[in-house]
Every structure is written in C-alpha cells, then in structure tokens.
Amino acid sequence: MRIRSWNGWLSLLSVFLLLSLWWLSTALNWVNPLFVPSPQKVWGAFVDICREGYKGSPLASHIGESLKRLALAFFLAIVTAIPLGLASGYSPKVRALIDPLIEFYRPLPPLAYYTLLVLWLGIGDASKIALLFLAAFAPLYIAVVAGVARIPRDRILAARSLGASRGKAFLYVIFPSCLPDIFTGIRTAMGMTYTTLVAAEMVAAVSGMGWMVLDASKFLRSDVIFVGILLMGLIAVLLDLLVRWLAKTQVPWNGKE
Amino acid sequence: MRIRSWNGWLSLLSVFLLLSLWWLSTALNWVNPLFVPSPQKVWGAFVDICREGYKGSPLASHIGESLKRLALAFFLAIVTAIPLGLASGYSPKVRALIDPLIEFYRPLPPLAYYTLLVLWLGIGDASKIALLFLAAFAPLYIAVVAGVARIPRDRILAARSLGASRGKAFLYVIFPSCLPDIFTGIRTAMGMTYTTLVAAEMVAAVSGMGWMVLDASKFLRSDVIFVGILLMGLIAVLLDLLVRWLAKTQVPWNGKE
Amino acid sequence: MRAIGLTESYDASPSTEDGERLVSIEEVSLVYGRGKKEKEVLRNVSLELREREFVCVLGASGCGKTSLLRLIAGYEQPSSGRVRVLGREKAEPRPEVGVVFQHANLFPWLSIRRNAEFGLRMQGVGRAERRERAEEAVRRVGLGDAEDKLPFELSGGMKQRAAIARTLAASPRIILMDEPFGALDAITRENLQQQLRRLWLASRQAIFFITHDVDEALLLATRVVVLGGSPGSVAVDAPNPLYSEEESTAELRKRQEYGKLREQLVESLKHA
Amino acid sequence: MRAIGLTESYDASPSTEDGERLVSIEEVSLVYGRGKKEKEVLRNVSLELREREFVCVLGASGCGKTSLLRLIAGYEQPSSGRVRVLGREKAEPRPEVGVVFQHANLFPWLSIRRNAEFGLRMQGVGRAERRERAEEAVRRVGLGDAEDKLPFELSGGMKQRAAIARTLAASPRIILMDEPFGALDAITRENLQQQLRRLWLASRQAIFFITHDVDEALLLATRVVVLGGSPGSVAVDAPNPLYSEEESTAELRKRQEYGKLREQLVESLKHA
Amino acid sequence: NDHSESGSLPKEVTIGYQVIPNAELLVKAQGLAEKKFPDVKINWKQFDSGRDVNTAVAAGSVDLGLAGSVPVSIGISNKLPYEVYFLHDIIGEAESLAVRDSANIKSAKDLVGKKVATPFGSTSHFSLLSALKLEGVDPAQVTILDLQPQDILAAWQRKDIDAAFVWNPTLAKLTQDGGGIIVTAQELSEKGAITADVGVVRTKFAEDYPDFVKQYVGVLDEAVKLYRDKPEEAAKALAPLLSTDEADALAQTKQLVWLTSKEQQDAKYLGSKPEESGFAKVLKETGQFLADQKLIEAVPELKDYQAAIYQESLNP
Ligand SMILES: Nc1ncnc2c1ncn2[C@@H]1O[C@H](COP(=O)(O)OP(=O)(O)OP(=O)(O)O)[C@@H](O)[C@H]1O
Ligand SMILES: Nc1ncnc2c1ncn2[C@@H]1O[C@H](COP(=O)(O)OP(=O)(O)OP(=O)(O)O)[C@@H](O)[C@H]1O
Ligand SMILES: [Mg+2]
Ligand SMILES: [Mg+2]
C-alpha cells in the first residue's frame, strides 16, 4: 500500500512538472503564444466553451458525439477483431484466408481511403464510424493473433483431451488464455481509434472534439485547440485506466504461472 | 510442408478474389470510375509513373523518401520505446514517472498537434519524422510494458539468484523474455507509423508516397491514388513479412514453454 | 525386445489377454525436429493396452516415455508405424482418453474446482451433477480445502493433485498418467496410490502409468514395461507376477519375492 | 517443536554445531494474500543452517516447504520474525545463495549449456572458463549430448537436471534445492545423489534440500527437518544418526538401523 | 539566411507555393526565378492550405508564401509576422457555387433548408457566406458542411449534398455531373466580397532583403506578361503541375485574374500608400465578417491591416 501511493505521487509530480514547463515557457515567452497559449488563456477558453459551447453546440454534445462514434466503432471492432483474431491464430487456414487482406489494409493511411468510405457510406456518421472501426480493428486483431501464438500448445491439447471440441476449446481455453493480450490489444486499439478521431471528424462534421480541434486550427484558435487536446487526452486516460483496472482484476494470474 | 503450401494457396486465393471483385465492380460499373478506377487504368498509371515519375520526381525517389522517413522514425522509436517500456514494466517508479505523459500524448490525433511540431521543428523532414516517431512510439511502448508484466516472476528471481544485478537481469532476462511482445509491438507500431505517413507528408512535402496520394486526391487522379495505395500496401506487407520471419526464427520457443 | 528377469522367472502372471484391445502401437517410430535438429526418439516400438490393464512404464530420464504417451494421447503423430486407439486409426485427443501431464498444466484462470469440472462441462454434464462430481474428485486427492484457489496459489504437489482430479473427474476409459505422483510426499503418495487402485478396481479402466518409482510399479501394475536405449525401444514388457487384486499394497510389500523382484527390475532398468 | 523418534533414539549424531551459522530463521511466520484471501502458511518457524550442513526437509504436500525455501532465498519477506542470510538482515536474491526450483524454470531462449553458463556470465567469469565449467556441470548431470538443445526440446527429467547444472555451475555457498530429483528415474537419481554428495563433501557448501523421498533424506542428510501442520511449523529438527562421511549410500542402506529409522521417520511424517 | 548581408540578396530562400494556376506557379514551372537569381538557392515547398502556410511562416520555415485572403486575414488578425507583398490572383470564376440541377435552386435564397458543402476556413467558405449575406439569408437556415474538395465530389455523387462552393478541378466535375453554377467569386468580388490568393513575406525577411522581394515581384510581372502574350505557352507549362491537359489548364487560368504589380498599385488593390490600400480594407472586412460569423474572436483596427501591406516592392 505504501509503495502504491508513493508511486501515485511520482505520477502527480511528472504531471506537475509538465504543467510548470508549459506555464514557464509561455510566461517567459519561449514559445509563440499564437501556437502555445498560456494556461490561463486555455482555462479561459475552457470556461467560455463550457458556458457557451463551441460553434453552436454545447461542450457536452461535442464530447458526447465523439464518444458515441468512438464507442460504436470500438464495439464493432471488439466483436469482430477478437473472434477473427482468435480464429486465425487457432486455424492456419482461416489465417491464410483473411490475413492477406488485413495485412494489406492495415498500414493504409485513413486519409488515403476516407474518400472511398464517404462514397460508400455517405457523409453521415456511418463513414466516420467505419473509419474509426478500421483503425481499431487491426491492432486488436494482431494482438489477439499473437496472443494465440503464445498459448502453450499443451494447454489446448489438455482441453481437447478433456472432451472440448475445437469450437469449445476456442471459447473456453483459447479465449481466456488470450485475455492478457486482448487487454493490451484493446489499449492499443483504443489509442489508435482515438488518434483517428480528428481525421474521422474532418468530413462534414459540425460537432465532436476532433472537429472542434480541426476547426479551431483553421482559424488559429490555439486556445480552443489546447482545450480540445487536453479534453481528449484526459478522457482517453480515464478510459485507459478503466481498461487497465479491468485487466488487473480479470487476469490475476498474469506473470505468476 | 504440405500444409504450408496449401495455406499459401489459400492466401493467393483470397487475394485473387479481392482482385476479381475489384475488376468486376469496375467492369460492370458498380462503382464510380471517378473514385475506383479499373485495374487496367491503374496499371497504366503505374507504368506511366514508373517511366516518367510523378510531379518531377521518379517513383523510386518517392518510395525512397517515404522509406527514409519511416526508417528513421522507426529506428528512433525502437531505440527509445523498447528500453523505456522495459524499464517502466520492470520498475514501478519509472512507470509512475513516465506513464502519465505517454498515456496522455498517446491518444492525441497527430493532426491535432502536427502544427506544434511544424512550429518547433520547421517544415523539413524533422517534423515529419517526429510525427512518425510519435506514432510508432506508443504502441511499441505499451506492448513492451505488457510483455514485462507477463514474465513469470520466478524467472526474474532465478536470474537474480544467479548473480544478475538489476541491470543485468534487465538486459539478459527481461529483454529476451519480452521478445515475442516486442515483435508484436513492432508490427503494430509499423502499421501505425505507416498510417500516419499521409498525414506526415501533408505539410510542405514534394515527394513521398503519402504526398503522392494526397496530391493526386487533390486533382481527383484516382488512378494515381490507387497506385500509391497499392504500393504502400505492398511495401508494408513485405516489411511485415520480414518482421514475422524474424519473430519466428528468433523466438522458436514461443508457445512451447 | 528382451524380457529379462520378470517373465523368465515368474509364470504366476495374471492373464490379461481376455480384455478388449484398446490401444495398439505397431512398429512405431517418432522423430522430432527437422533437418539438422532431427532426432529419432522412439524406434520400432510395439505395445498393447487392453481393457482392465494397469501398465506401468519405467525407463531412464529422456528415453521417450512421455513421447510414447503423447503418441497414444494423439498429441504427436508417429513418423512411421501405426497407433490405433479405441478402434480409430488416427490418434486424436478425445475425451475417452484422459491425460495427466508431467507438468500440471492446469487452466490458470479457473479455480481448482472449476478445473476439475472442465471435462464434465465439455461433455455437457449439468451444472449440479458436474459440481458434485468435481468436488468429489477434488476431495479424493485431498484438496477439499483449496477448491476455490487459483492454480498459482497452490504448491507444486497440490497442482499435481489438482491435475489428477481434473482428469479423473471426467472418467475416461483410458487414463494416461505421466509421473502423476512425482511431486508428492510419501504419505500423500501412498494414499493416492490406494485411491487410484480402488478406482481402477471398481471401474476397470485401462491405465498407462509412467513412473520412476520401482516400488510403485510393482505394487500397482498388472504389467510392467521398461523403455530403454536411444532411440528408445521396449526393453521389457511383462506381466507383473506380484499383481493381486486381493492383497493390499502393504501386504504385497511384505511378500517374500518382493525384494528379489525389485532388484531384478532395477537391474533391467540399468541395462535397458 | 516435537523431536520424536530420531533424536530420542539415537545420540550418535554428528556434531555440526561447529560450522559458521549461514542462515538463521527466527520465529518467522508468512502470510500469503490479503483480505479475504489471506492465508497463513508458516507460523513461528525457527531454523538454522550452518556451514557444512546438508539439511533435508520433509513434509506433506502443501505444508510450506517451498515457502520456507523462498524465504531463505529472499523471494518472499516474512510477515513477522527475522530471516538472516550470510549476516544480512534483509534476505534478497544473491549469487551466494543458489536455488534449484521445484519447476525447472530455465531460460527458454538459451541452450542448456548457456543456461548453465548464466550464473558465471553474470559474475563476470571469462568466456573460456565459464564455458568449461558449464560444460563440466552439464556433463555431470548427464546432459552432455543435449547441451545445445533449447529447454523446450528436453524431457521433464532432463529439464530438472539442466536446472541443477545451472545452479551448481555458479558454485554458490548455500544451495537451496526444491525436490531436485523428483522427476528422475531411480538410476539417474542415485547417480546424481552420489554426485551431489561428492560435490558437497569436497566443497562443504551448506545444502537445504527439500525431498519427498525418505530414503534420500536418510542417505544424504546431516540433519533432517520435518515440517507439518497448517499453518506449517517445524515438527522435527534433528541430526541424522545415520550420517557418515565414510560409508557409501549403498553401505548405509544395508545398515541394520536403517529400516527402523526409516519407519520412524515415516511415522513422524504421518503425525506431523 | 545570412542577415549580415543586409540589402543584398540572400544565399537561400524558401518559397511556399500552392498549386493554383497563377503567376507564381508559372514562375516555378518555367524556372524564371532560378534564372533571375543564379546565386540564390531557391527551395520550393508545396502547401495545400493557407493554415499550413500560416504555421510555416510563424515557424520561420518559409520566407515567401502564398495563401488565400481568408487565411491571411486570420493570420493578420492574430498578428502573424508577415506582410502582403503581391496579389497572385483575384479569384474569378475558379471558385463558384455549384447546385444540383434537380434541387431547384435558382439563387442563394433558395439554399434555405438545403445542404451546402465547402472547405471551412477557405476563400470558398468566405464566398459562400458572403453570397448568403448579400441575399439576406441567415446562414443558420442553411446546412453548411465542412468537406474537402474530393469528399465534396463523393458526397455529390451520392446525392448527399445539394450544392457546393468549391474550386477546380472538383468544380468542373460537379458541373459535368448534373450541376449548374449560380454564383461565382467573380460576381461576389464585383459586389465587394473580394477573394484573392495572396503573396505574403515574412516581415523580417522583407526588412533584410528588400531587393530580393522587389526583384522577385519583377519576375512575377514577367510571368504575367508571358501569360498575356502567349497564353497557350503558359498553359502548356502549367498543365503537368495541374495534372491536366493544356486546354483545361488554359481554361482554368482564365478563371483567375492575374495582375501585374503596376496594376496592383491601384487603390482598389494593394495601393501605393498604406492608407489608400483597398486590399487592406478587404482583409479587414473579411476579418470582420469572420468575427461576425463567430469564426474568429475579434479583429484589430484597419491600420493594423494597412501596416501589413508591403507596397515597397511594387515596381513603379
Ligand atoms: N502465491 C500464493 N498465494 C497464495 N497461497 C499460496 C501461494 N503460494 C503457495 N500458497 C499456499 O501456501 C501453502 C504452502 O505452499 P508451498 O508451496 O510452500 O508447499 P510445499 O510444502 O512446497 O508443497 P509441495 O510439496 O506440494 O510442493 C499451500 O497451501 C499453498 O496453497
Ligand atoms: N519438442 C521436442 N523437440 C525435440 N526433441 C524433443 C522434444 N520433446 C522431447 N524431445 C526429446 O525426446 C527425448 C525423449 O523425451 P521424453 O519427454 O519422451 O522423455 P521421457 O522418457 O519422458 O523423460 P523424463 O523421464 O525425463 O520425463 C528427449 O531426448 C528429448 O530431448
Ligand atoms: Mg517425461
Ligand atoms: Mg513445494
């Protein structure tokens, strides 16, 4: 217990150092205030946006819109990437079939194919969610496949000898064995979706945190950009803490086998 | 051996199916040729670009420029993310110090902070490489931290009892134990860097595959876009195969412990 | 196949030829690895396992006992020769063939009781019944107190016992056990030997039992197999003259021929 | 601490009180887990390990033998009481204290030889010398042929021997061994027992040796410790009256008192 | 850049250009600047948006840049350290409001309740809002969407949008695909809502190397002259940079108004004295307009805009 809270202080310290650096560099004019506004100014913009919203929508709806898109995309990624990843880790045939496609699309920059998505899915939320989904899918899939690869072969054999069909072994052994990897994959994928948020909200959005940042950058509103970035970062950190907490409570045996 | 080549055929089959779908959908006019050009047209554009280059630079230099940026960024990511990840997986104190910063920047969309990078590093390659580096760093770091978390505690204790100092245990036990995770991380990070390529080459580039795609999209040259995308995809797949091959030969014990 | 000692000296061997032939291994050899790393581990091994048999397998460390067990379990395919298990040509993992691994190999995310339930769950046994049977099995190996623990919270011997419980709870027709009592103290071991013997006497499953303990082999086996050589092959395959359904192991140990037989077996191990 | 049997009946015990005290455990208790999962594993254990001692520890499965070893090795910290190792108050993993784990716990990416070299490498021994010493250790445990294999290519017993070689090659002052011969056949086991005895006689390291084999304990130990109860505590801690530097284990086994002593020890195990 | 040689030519200069068929692109295509300044290393950097040019100038990474009048107005409002030295073109028909024929839109008034797309923060964005204002339409009654040109085309194909204010080549594709033009930037500029592509120079650079700026303007004039004399030759040089053929390039150039520096001395444009610069007013009005639309915070005084016009290098 003592060690833990001590480490908590360390984390606070490093956040504090960063904030001081920011404050110092603006106070001493090390950076162009046009691009790095002072903390006070950012706070002012934040209060403003809280009170009056940004460009017609209240702050809550910007956050809500983005989270809705993220959540939907992420949900889709989880229900597809995990089973597919497990399947293609487990069966070389499935792997041979779907791996080339995933390997090919995976490295493609979203900005390069977004227009195609717009063409197919329109300018509504569908194309945005599709883009976010594609961003989340690949890292999750890869993490899961790698997770399957590292399961001790004997564990699967033991399950089979206990009467597990291939399908049941999949569900009852492969899946729980991969949980640590799945959690890592979820964390990476969550980061990846998040980083695509701005790109996704580039097209025909009028709300969302990504759009807010993008729009502000067009009009050199660096204080709003910072509000957006800080908000996105904080929300992401909270989500990440949630996943980490889940990982810790769900996989108590990790590292102790 | 027989199983392997059989799976190779499956992979070829799935690629072939995809290509046929493409060909069919353009031949039967299912999609607008303005956005999805026919394979013939893309091939024509490819031959053209091979022969005459694109906008003043030969194809090889576009590829070369992009690969140079990717390689540099990736190299930087490897030499920083792996040691830092190992260190923060191993020592809760290091973790407490640097994790908040990484967790915070990690989910930030590159498009949101690229402006800041340009402001600090100028419009040359430095800002592009920095952006790519940041994209690669986070997934690699996370994979490595997760890898350390799963090392059996007894293995580290055994090394310490054999006289390994904390530093040596780090180098000789923690690092090799994490190799499977490092390889997964490298694969994810490589994908992530790659997807950032277009964003990175958006500002003040006159060469690079990402720039080529972006430039072509401005002039609605969908054939060139497809050439760029296919090229990027193929090169990425080749790089990925290399990493996978390395992983296989370097970590023969994976899944057999 | 040399059958020194045992068969030559004793003919008061119990006949087990009447049981159905459950496993038959014919001229099997097994090669691990490929190319430079190629290594022949078993050569020309033939063996049978019949209903109601309790075969104890002995042999030097690394001679191929586990590999033989894995062939029967269907975990490895023979490089040449045939392995028939329960009438099927291609050996595959299956619920009729239970395996206790040399390393416990439990599912780390399941409690001991749920590890023991696993086989029954896979076979679709209802919740209440499988829970009861699993608890029974866990209690039998002496882990009643620890049934809610996760494997990483167990000691080495407890893990091994949990693995035994897991396999026995699923009541397979053939049980393959790879040094199941290796990590147990003398008292617990004797206790479990009795349990296993009683279980087997009641159900007449076929048991393939790898052990390093010569006494254990003599006290439990209806037939003793000694593997030896490199690549491994069957050096001894003979009925255990000491085998008796009636006498307890304690009584058996006191029989006159016990000491001599033991020495013979150790000799044959030395020369295998 | 009851000291039934052994000390009462025999006083021809070798004196080991003269050696330096290397390990001293005082009133130690150990609790695993927290809150609801809290479990006291050891209570009020006191023990010493002196130079030139060969202490064999017996006890029922799950009684806390491994936990005790881990305390000495510095892998766990006592919940109360003191553990002093080589004069230091806080036990920490260190090269003077070698550990052979119950599960082999080899480094999976290193060949057997390089596993054996590991300790020497960490201690900065030059390439040629460490290679020689590692090869010597690997040969001594009978793995000369397999020295270039990776751990996953080994059989269970071979892994265990490799782990022994790894620890011995580093020549620590105190050796803690957790059922090191558990997965070995009788022949290999006897061979290694001899080796270990000879090594120990030559160097006079202190050995803390957990075993389930009563014979092994009687043949090797200068002192026998029996753990028992739950939470575990020391039930017997007595010099081994059979101990003799001169006689070989085969001779010892033939001594008259052997049988009786063995029975006594088994009895005390039962009641511990 | 070597500041010690104040007054003479720099050793190296970085020009941020955009692919717009105007005099600067012709200068690049023909290598006129390299010819004129054999001893100066000229780095051409391509930009895609005025936003990035603003950043690059602030970072000191480019010396001369090209951006639309809207981003420049935003930049000056935010006190970016640069000045306008040249108008590369006045946007004519190159940026227009295309409407779908089937949508039954005759004038900007009919846009009420429709979906109109335009790239936000661009000159087209400004023109669209101006068109609405001139017709007395409240922008809140129109669904204005932020789309990049290629996405506008995709949305158009799907019939997701009814109209778009955008530039070429997307504009041409829209009209080919069942679209008609109802308002052009040309018409808007005649009514006072001028949009232009503006040359800006880093203030420090202009102070250090006035000669270079002056001579570079001369080169631009040369290009304008070349275009006026031999438009086909100019179009031929521009075509590959525009990823199109010669005829189309010619048509595209005609949709922009190229002006010589002499013509720009007119009070309507940059003017010859700070206080009589018509373009400073345009920038101020643009800024005011954006502020009214709540797109930016506040605008400075007219004199701040006037101070940001650099007339010194306009050749008499
Ligand atoms: N990490 C742990 N968390 C909780 N309980 C544990 C943990 N490790 C061991 N235990 C418990 O501590 C007790 C003693 O375990 P220990 O491994 O010391 O036994 P042992 O005497 O070595 O047994 P064996 O002969 O079977 O190896 C057991 O009851 C076990 O359940
Ligand atoms: N996966 C593998 N790859 C290569 N060689 C292997 C592999 N598994 C086992 N071997 C080799 O096969 C031989 C027999 O191994 P096996 O595990 O069958 O021995 P065993 O008789 O069970 O020994 P033990 O009593 O020590 O468990 C050993 O020499 C071992 O090195
Ligand atoms: Mg074995
Ligand atoms: Mg133990």
Side-chain angles (χ1 to χ4, degrees), chain C residues 32-33 36-37 39 41 58-67 101-104 141-143 145-146 148-150 153-161 178-179 181-192 210-215 217 226-228 230 262 265-267 269-272, chain D residues 32-33 36-37 39 41 58-67 101-104 141-143 145-146 148-150 153-161 178-179 181-192 210-215 217 226-228 230 262 265-267 269-272:
Chain C
Y32 279 122
K36 259 204 318 198
K37 284 229 148 192
K39 169 155 189 202
V41 170
L58 295 161
S61 169
C63 74
K65 301 179 295 299
T66 300
S67 304
F101 288 79
Q102 191 162 7
H103 57 121
V141 296
L143 288 178
D145 297 342
D148 286 324
K149 292 200 176 181
L150 288 175
E153 296 171 314
L154 300 186
S155 77
M158 288 162 88
K159 276 189 200 134
Q160 209 174 27
R161 285 182 278 157
D178 199 349
E179 302 180 33
F181 304 148
L184 300 180
D185 61 291
I187 317 291
T188 315
R189 175 187 275 245
E190 212 172 290
N191 186 354
L192 282 185
I210 299 176
T211 179
H212 283 317
D213 190 327
V214 179
D215 301 299
V226 176
L227 280 191
S230 170
R262 191 184 185 288
L265 197 52
V266 170
E267 268 313 297
L269 266 170
K270 254 184 207 146
H271 300 292
Chain D
Y32 280 122
K36 257 203 323 198
K37 286 229 150 194
K39 173 160 185 196
V41 170
L58 296 160
S61 168
C63 74
K65 302 180 294 298
T66 300
S67 303
F101 288 79
Q102 192 162 8
H103 57 120
V141 296
L143 289 178
D145 297 343
D148 285 325
K149 291 198 177 182
L150 289 174
E153 296 171 313
L154 299 187
S155 77
M158 288 160 88
K159 275 189 200 132
Q160 211 175 25
R161 285 183 277 158
D178 199 348
E179 302 181 34
F181 303 149
L184 299 179
D185 62 291
I187 316 293
T188 315
R189 175 187 276 246
E190 211 173 291
N191 186 353
L192 282 186
I210 299 177
T211 180
H212 283 318
D213 192 328
V214 179
D215 299 299
V226 176
L227 280 190
S230 169
R262 191 183 186 288
L265 198 53
V266 171
E267 270 312 297
L269 266 171
K270 254 183 207 147
H271 301 292

Next item on the list: Tell me, out of D:A183, D:G64, D:S155, D:G62, who's got the most heavy-atom pairs with chain C below 4.5 Å.
Entry: D:A183
Next item on the list: Answer with side chain, backbone, both or neither: which region of D:E153 has an atom nearer than 4.5 Å to a non-hydrogen atom of chain C?
Entry: side chain
Margin query: Taking side chain as everything from C-beta outward and backbone as N, CA, C, O, which of these in C:K65 sits under 4.5 Å from a heavy atom of chain D? Side chain, backbone, both or neither.
Written below: neither
Next item on the list: Would you mind checking which part of C:V41 comes under 4.5 Å of any heavy atom in chain D, side chain (CB onward), backbone (N, CA, C, O), both or neither?
Entry: neither
Next item on the list: Check salt bridge (charged side-chain N to carboxylate O under 4.0 Å, His left out) between D:R189 and all other residues, then give those that pass, not counting sequence neighbours.
Entry: D:D213, D:E216
Margin query: With a 4.5 angstrom heavy-atom cut-off, is it the side chain or the backbone of C:D148 that approaches chain D, or both, or neither?
Written below: backbone
Item checked: Listed partners of D:N191 passing side-chain contact (heavy atoms from CB on, under 4.5 Å), at least two apart -> D:Q195
Notebook entry, point to check: Judged by atom type as modelled, is there a donor-acceptor pair below 3.5 Å linking the side chain of C:D185 to the main-chain atoms of D:S61?
Noted result: yes
Check: To the nearest 0.5 Å, how far apart are CD in C:Q160 and CD in D:Q102?
Finding: 9.0 Å
Next item on the list: Any chance you could measure C:I187, atom CD1, to D:E267, atom CD, to the nearest 0.5 Å?
Entry: 8.0 Å
Notebook entry, point to check: Between C:T66 and chain D, which part of the residue has a heavy atom less than 4.5 Å away: side chain, backbone, both or neither?
Noted result: neither
